[in-house]
Amino acid sequence: MNTIATILEPAVKKAIQKLYSPEVEIPKPNIGDTRKEFEGDVTVVVFPYVKMGKKNPAQIGQELGEELLNSVDEIVAFNVQKGFLNLVIADNFWKTNLDNILSNPSFGEKESNNKKVLVEYSSPNTNKPLHLGHIRNILLGWSMANIFKNEGYSVVKTQIINDRGIAICKSMLAWQLDDNALTPSKDEIKGDHLVGKYYVQFDKMFQEEYKKWQLTEAATQAFNDKKKEEETAESFYKRYKNNYFNDFSNLGKAAKEMLIKWESNDTEIRALWKQMNGWVYDGFNSTYDKLKVNFDALYYESDTYLLGKEVIEEGLNSKLFYKKEDGSVWIDLDDVDMGQKILLRSDGTSVYMTQDLGTACVRYDNHQSEKMVYVVGDEQDYHFKVLFEIMKRMEKPFASGLHHLSYGMIDLPTGKMKSREGTVVDADDLVAEVIEEARKSSEEKGEIANMEPAEQKEIIEKIGLAALKYFIIKVNPKKRMVFDPNSSVDIQGHTGPYIQYQYVRTQNTLRTAKQKNINFDNLGSSPSLELTEKSILQLLSQYPQIVTEAANNYDPSVVANYCYDVAKLFSKFWGELKIFQAESEEKITLRLQLCKAVGQVLESGMNLIGIEMPSRM
RNA sequence: GGCUCCGUAGCUCAGCUGGAUAGAGCAACUGACUUCUAAUCAGUAGGUCAAAGGUUCGAAUCCUUUCGGGGUCACCA
């Protein structure tokens, strides 16, 4: 479908060519919405053509305006303000647009481009429950998956579950050491929370052990040998914690032994590992269900952690990698200022990078996705830069389609969330809280009080989730954002529920029309458009490009903010123009059609960012 | 220290592929519910776009420097 910009761009170029036949290439015309204080719908900036026409901006604007008025049917008038050419577009063009939207329920959805994209998100560790940071990650991944689907991609949603390693062994060990060890069924604890509890428990026991050790001679010796100049004992022991874990700790030793047993496939340990991870997956799945997200393909680190050795061989053969005397394998990325990076340990075992190299190749083999998006926090920017650079140098077919959707951390007003200080905002708690808030407001309002309880519950959940999801997704992913757990998530103003409310207004109006037996399928003769009506149509027509922009920039916040703009404009329209009291039947028809179109675009836009619309609220 | 991201109203954020007088929400203040639902609307007030240079017809936006904050620079994942 044609938007006004796609019609005007070539038209402006053609007009300039005809008027001034410049020798240089004509740049892409700069076309935007006209500021509301001037007459017109779209504005062309004429400054770029001043040199070509060798006249002043006002003259150029005048000439260009006249030429466009003659050559473009959709333009009915123009005026020139300084270097800006304001064009008035025919009402009919906007009404055709409205038809277009209404006749196409999936307006904005592009046809299949026969390309495949794989989106990885969430990717939790199995030793603790999901928290607010994961929620941002999950919502970004989920939104991008929807947005790509909308752009015509076939999408594979995936996560890699970090189900192995020393961390889960810590939880397992603490569980084993507990005489009254809990289980989810017996003690009615959500599995991921239970395992997380034992992870914390391990750390507690370890800290106690460490404190005791600090009084021993071995500790004093380590302090004297390895402290930096003038370093206090406190600062030294803080720094030395990992060394202690590896070299002295009994608990550390036990955990490491467990990991070795796990690696050698010890039946007992594997059984315990399976059991505890199973609990965690039940817990995760319940959280995913609550957030209404899912995955198409799962990868487990326990399956992938040995991958990548072939890639290493390949790189060594092609001399892209080199081996040090001790047997470790490296790549030299000094020429692009990324330094030397280790790819394989001297004992021949994998590092994080080895695994990711291998996993990327396996995924491509599995899915043939030329595009792969990793939703991972910005603390891993360097890792992914290196990973992608290596893939590029190895000339992998998918190398140019790799993208790291990097996002900032969510801070508390007091600073970072810290698990050790218990300031981590738990995902389940947060979801429950925000739904509770929605329930309270809903009760206060009383609008849905006489509905079936099940229906009420569904609506309240939709509202609560909208508040939470919108709050997070409206912020540009790159930015760090602040979340105050003490003040509840807003439901007024620039929020998800506000947009839902405007949507509900459109649906109510349509219901009322039905009750009144008003048929608004055909516009018939053409009533003229009020300013606000025109603005709405203009904004709605931009929806397809907005989604494309979001896809190209890997930024769902673009869609979120667009939906707010639509909702706000609709609300203004609602306030100033009464639908059923319009002066003519045609006007009523037009406004009902507008309602329907707004509802339609709001619903699909919000769905892209994982927010569902209630029918009433 | 190197690299990198960020700095816009009291607070939370838009605007950044250069365009007209920098926009929203929250908080504050004024008004509007017998009216298609007030989870709303209309309005007032609030700005040295961190600072300084530069590029140009035009800079919050691009470049340089400085300041402030975060991240990262592991044979951890």
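Residue numbering restarts at 1 for every chain, and letters A, B, ... go by the order of the sequence lines. Atom set for the values below is all heavy atoms of this structure, side chains included, hydrogens, waters and symmetry mates excluded.
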For RNA chain B, the expected dot-bracket line (Watson-Crick or G-U under 3.5 Å, [ ] crossing, | inter-strand) is (((((((..((((.....[...)))).(((((.......))))).....(((((..]....))))))))))))....
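No hydrogens or angles were tested; on distance alone, a donor-acceptor pair under 3.5 Å links the side chain of Thr43(A) to the base of A20(B). Judged by distance alone with a 3.5 Å cut-off, a donor-acceptor contact links the side chain of Asn86(A) to the base of A20(B). No hydrogens or angles were tested; on distance alone, nothing pairs the side chain of Ser571(A) with the base of C41(B) as donor and acceptor under 3.5 Å.
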| message | Does Gln380(A) form a side-chain hydrogen bond (donor to acceptor under 3.5 Å, both in side chains) with Tyr352(A)? I'd like the steps, not just the answer. | response | CA-CA 12 Å; Gln380(A) 294 196 38; Tyr352(A) 182 34; 2.5 Å; yes
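Val45(A) comes within 4.0 angstrom of a base, heavy atoms only. Using a 4.0 Å heavy-atom cutoff across all strands shown, Asp337(A) reaches no nucleic acid atom at all.
Both tests hold for Arg164(A) against Tyr305(A): distance to the six-membered ring centre under 6.0 Å, angle to the ring axis within 45°.
As rounded to the nearest Å, C41(B) and G58(B) have C1' atoms that lie 37 Å from one another. Atom P of C26(B) sits at a distance of 41 Å from the matching atom of U66(B), rounded to the whole Å. The P atoms of C13(B) and A20(B) are separated by 25 Å, rounded to the nearest whole Å. A distance of about 40 Å separates the C1' atoms of A74(B) and G15(B), rounded to the whole Å. Taking atom P on both G18(B) and A24(B), the two are 24 Å apart, rounded to the nearest angstrom. With C1' as the reference atom, U61(B) and A22(B) are 11 Å apart, rounded to whole Å. The P atoms of A50(B) and G10(B) are separated by 13 Å, rounded to the nearest whole Å. Taking atom C1' in both A45(B) and G31(B), one finds a spacing of 15 Å when rounded to whole Å.
Residue ring and base: Phe47(A) counts as stacked with G19(B) (centre distance below 5.5 Å, interplanar angle below 30°). Stacking between Tyr498(A) and A39(B) is absent: the ring centroid is not both under 5.5 Å from the six-membered base ring centre and under 30° in plane angle.
By the 4.0 Å N-to-carboxylate-O rule, Lys309(A) lies too far from Glu313(A) to be salt-bridged with it. Between Lys440(A) and Glu444(A), no side-chain nitrogen of the basic residue sits less than 4.0 Å from a carboxylate oxygen of the acidic one, so the salt-bridge criterion is not met. Under a 4.0 Å N-O distance rule, the pair Lys587(A)/Glu533(A) qualifies as a salt bridge. A salt bridge is defined here as a Lys NZ or Arg NE, NH1 or NH2 lying under 4.0 Å from an Asp or Glu carboxylate O, and Lys457(A) with Glu461(A) meets this definition.
With rounding to whole Å, Leu510(A) atom CG is found 11 Å from C36(B) atom C1'. Residue Leu85(A) contributes atom CG, which lies 18 Å from atom P of G19(B) at whole-angstrom precision. As rounded to whole Å, 16 Å separates atom C1' of C6(B) from atom CD1 of Ile410(A). The distance between atom CG of Asn242(A) and atom P of C75(B), rounded to the nearest whole Å, is 14 Å. A straight line from CZ of Phe84(A) to P of G18(B) spans 14 Å, rounded to a whole angstrom. The distance from atom NZ of Lys474(A) to atom P of G15(B) is 12 Å, rounded to the nearest whole Å. Per the geometry, NZ belonging to Lys54(A) stands 17 Å off C1' belonging to C57(B), to the nearest Å. Remark: P of G25(B) and CD of Gln492(A) are 12 Å apart, rounded to the nearest angstrom.
A close approach under 4.0 Å does not occur between any side-chain nitrogen or oxygen of Arg511(A) and OP1 or OP2 of C36(B). For Tyr562(A) and A24(B), the shortest distance from a side-chain N or O to OP1 or OP2 is not below 4.0 Å.
The nucleotide whose nearest atom lies closest to any side-chain atom of Arg505(A) is, among U40(B), C13(B), G19(B), U40(B). Listed candidates were C57(B), C6(B), A38(B). Nearest to the side chain of Lys51(A) is C57(B).
With a glycosidic angle further than 90° from 0, C57(B) counts as anti.
Using bins of under 30°, 30° to 60° and over 60° for the plane-to-plane angle, the ring pair Tyr564(A)/Tyr498(A) lands in the tilted bin. Classification of the Phe570(A)-Phe573(A) ring pair by plane angle, with boundaries at 30° and 60°, yields tilted. The aromatic rings of Phe388(A) and Tyr374(A) lie tilted to each other, with the angle between the two planes from 30° to 60°.
Applying the side-chain hydrogen bond (donor to acceptor under 3.5 Å, both in side chains) test to Lys474(A) and every residue at least two apart in sequence or in another chain returns nothing.
With contacts defined as side-chain heavy-atom distances shorter than 4.5 Å, the pair Val425(A)/Met417(A) qualifies.
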Polar atom pairs (N or O), protein with nucleotides 60-64 of chain B, under 3.5 Å:
none

